A.B. asks: 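Dropping the structure in here first, questions after.
These values consider heavy atoms only, across backbone and side chains, with no hydrogens, waters or symmetry-generated copies. Letters A, B, ... mirror the listed sequences (proteins, then strands); counts begin at 1. Only a predicted model underlies this, so the values are computations on that prediction, with no experimental measurement involved.
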Number of protein chains: 2
Amino acid sequence: MARTGRPREFDRDKALDAALTLFWTQGYEPTSLNQLKACMGNISPASFYAAFGSKEALFREVVQRYLETYGQVITPLWDETLAPRNAIEQTLRRSARMQTTRSHPTGCLIVLGASNCSPENQSVQTLLAAERARTRKGIKACVDRSVANGELSPSPATQTLPTLFTTFLHGMACEARDGDRARKLDAAITTLMQIWDSLALRPKSVSSRQ
Amino acid sequence: MARTGRPREFDRDKALDAALTLFWTQGYEPTSLNQLKACMGNISPASFYAAFGSKEALFREVVQRYLETYGQVITPLWDETLAPRNAIEQTLRRSARMQTTRSHPTGCLIVLGASNCSPENQSVQTLLAAERARTRKGIKACVDRSVANGELSPSPATQTLPTLFTTFLHGMACEARDGDRARKLDAAITTLMQIWDSLALRPKSVSSRQ
DNA sequence: GTTGTTCTATACTAATTGATACGGAAATGG
DNA sequence: CCATTTCCGTATCAATTAGTATAGAACAAC
C-alpha cells in the first residue's frame, strides 16, 4: 500500500539499530535525546518524535529488536526437542559468546540496560525485570522437565539448580562488561555443568560445545 | 582540636549514610543533587558543596564507606588463616545474606552503582570496576593458595574456578535486586561449592554455614 | 563585646533535559 | 497543474541539571 506524502529521509531500521547500540552501551537514562538523534543520522527532533513517539517508546522497540536478534541466544530454553541439560548448556555457551563479542557492546542489555533508574523511569526497569523473570522461568522449566523425565531426582540440591544457573547467566553480563573473553567464560561453563552430571540419576544427554 | 567558627548544623556522618542509601538504590547518574540534599536533611547547596566538594567526591566517599561496612562481607578472601575453600564459601554466603537484607537496598553497590553511565562519568565507572577487579583477584588468590597447598590440582577445571565463583558472586547482585531471598541463594551456594569438593585431591576444610 | 571564622539561606548561573510549535520542503494522487 | 499528505529544520518550551555568589547568621577565641 503506497503511502502518500513526503517519504522519510533516514532509514528507520538503521536508526533503530544505532539506538540499540547506544542504549546497550550506556543504559537507558544516561542516553540523551541529543546523543540518540546524532547517532541515528543527525535526525531532527520532529523526525525523531514522528518516527518513534518518545524516548521510552524507542527503548521498548529497541528491547524488542534485541530480543529478536542477540537475545535469541537463550531460545534453547524453550526448545523441547532439546534435552534439558543441553538446552541450558547451549543457552549459557551462546550467551557467553554473544556477550563477549566485540562487534557490538559487551554484556547483556536485559541485565544492564536500566540497572540505574530514577523513580520516574521505573516502568523501564520493570520491562527488563519481566524479561529476566521469563528467563528464570525458562531455566526452571528445563530443570523441572529433567526431573519429570527421570534424569534428575527431585532432591533439594536439584531444586537449587535454577537459581544457580540463572545467577551465573546474569553474572556473565558483569564479567563480559569487565572484559572477560568468551573462552574464559566457556571454560567456566564446562565446570559448572558438571554439577548437573553429578546430580543426574542417569545421563540422558551429552555435553555439546555447539 | 577545637574548630573556630559556626558549627555545622547537620550530622555529616548521617548525611553520608543517607547518600549511601540513595546511591545504592538508584545508582550514580540518576541520583540528582536535589534528591541528595533532600535525603541528607534538606541541606542547602552551599552546605553540600562545603562539606563534600562535588557529587563525584561524595560518591567516592560513599563507596569508601560501603567498602568499610557492607563490603566487609568479602574480607574472608584475604584472611589467610582461613582455608581457601572456606574463605570463598564464607564470602559467597555473607554476600548473599547482605545483598538480600531488606533493612537497606538490595544488591551490590560495587556491581550496580554505576552500571549505566554516560561518557563524562567514566571515572566513576572505572572506580567500581577496579573494586570488582580486586575481588576477582582475591578469589583467584584463594584458588591459587589451595593449589599451592595441595588441596586442588592445577588442572584445567581448577583454573576455571575463579571465573566461576566471581561470575556467580556478581550475578547475585542481579538476583537480589530482582527479589531473590538469602535462603534461596544460600542453597545454590551449597550446590556450587560441591564443584570445589569434586575437584579436591584431599579435603582440607569442611563446609561451614557461618 | 569585639573580632574572626565558618556555617546557612536565598538567589542565581549556564547548560542540558525530554518534548513541541510552526512554517516550509518534498513527495504522491489526481 | 493542483491538492493533500507527510516529513524536516529551526526555534522554542518549561523543567531540571550540577554548581556559585553573596549576604548574613551563629558560633569560638580573646
A.B. asks: Using a distance-only test with no angle check, is there a side-chain donor-acceptor pair under 3.5 angstrom linking B:Thr163 and A:Glu175?
C.D. replies: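 Side chains of B:Thr163 and A:Glu175: no pair found under 3.5 Å.
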A.B. asks: Tell me which of B:Leu33 and B:Gly5 sits closer to the 5' end of DNA chain D, going by the nucleotide each one is nearest to.
C.D. replies: B:Leu33
A.B. asks: For a salt bridge (Lys or Arg N to Asp or Glu O under 4.0 Å) check, start with the C-alpha distance between B:Asp17 and B:Arg65, then their side-chain angles and the critical distance, and finish with the verdict.
C.D. replies: CA-CA 8 Å; B:Asp17 278 335; B:Arg65 153 119 1 157; 2.9 Å; yes
A.B. asks: For DNA chain C, determine which residues of residues 14-32 of chain A have any heavy atom closer than 4.0 angstrom to one of its atoms, and list them numerically.
C.D. replies: A:Thr31, A:Ser32
A.B. asks: Within 45 degrees of the ring normal and closer than 6.0 Å to the centroid, is that where the cationic atom of A:Arg8 sits relative to A:Phe10?
C.D. replies: yes
A.B. asks: Please tell me whether A:Arg132 and A:Thr166 have a donor and an acceptor in their side chains that are separated by less than 3.5 angstrom.
C.D. replies: no
A.B. asks: Round to the nearest Å and state the distance from B:Arg8 atom CZ to C:dA9 atom P.
C.D. replies: 13 Å
A.B. asks: Strictly distance-based, threshold 3.5 Å: is any side-chain N or O of A:Thr25 a donor or acceptor partner for the main-chain N or O of A:Thr21?
C.D. replies: yes
A.B. asks: With sequence neighbours left out, what residues match B:Tyr28 under ring-ring contact (aromatic ring centres under 6.0 Å, His included)?
C.D. replies: B:Phe23, B:Phe59
A.B. asks: Any ring pair (Phe, Tyr, Trp, His ring centres under 6.0 Å) involving residues 96-115 of chain B? Give me the pairs, sequence neighbours left out, ordered by first then second residue.
C.D. replies: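 Found B:Trp24-B:His104, B:Tyr70-B:His104.
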A.B. asks: Suppose we screen for ring-ring contact (aromatic ring centres under 6.0 Å, His included). Which residues come up paired with A:Phe48, at least two apart in sequence or across chains?
C.D. replies: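 Applying ring-ring contact (aromatic ring centres under 6.0 Å, His included) to A:Phe48 gives A:Phe52.
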A.B. asks: Pick base, sugar-phosphate or nothing for A:Phe10, based on heavy-atom distances below 4.0 Å to the nucleic acid.
C.D. replies: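 Here A:Phe10 touches the backbone only, sparing every base.
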A.B. asks: Which ones in residues 34-49 of chain B lie close to DNA chain D, meaning a heavy atom under 4.0 Å from one of its atoms?
C.D. replies: B:Asn34, B:Pro45, B:Tyr49
A.B. asks: Rounded to the nearest angstrom, tell me the gap between atom CD in B:Glu120 and atom P in C:dT17.
C.D. replies: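 These atoms are roughly 8 Å apart.
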A.B. asks: For the pair made of CG in B:Asn121 and P in C:dT16, what is the distance, rounded to whole Å?
C.D. replies: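 Whole-Å distance recorded here is 14 Å.
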A.B. asks: Quick check: on DNA chain D, is the nucleotide nearest B:Glu9 upstream (toward 5') of the one nearest B:Lys55, or the reverse? Name the residue that is more 5'.
C.D. replies: B:Lys55
A.B. asks: B:Arg60: what forms a side chain to side chain donor-acceptor pair (under 3.5 Å) with it, not counting sequence neighbours?
C.D. replies: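 Testing B:Arg60 for side chain to side chain donor-acceptor pair (under 3.5 Å), a comparison that skips the adjacent residues, returns B:Glu56.
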A.B. asks: On the side chain of B:Arg6, is there an atom forming a donor-acceptor pair with the base of D:dC27 - under 3.5 Å, no angle test?
C.D. replies: no
A.B. asks: Grab the CZ-P distance between A:Arg12 and D:dC7 for me, whole Å please.
C.D. replies: 11 Å
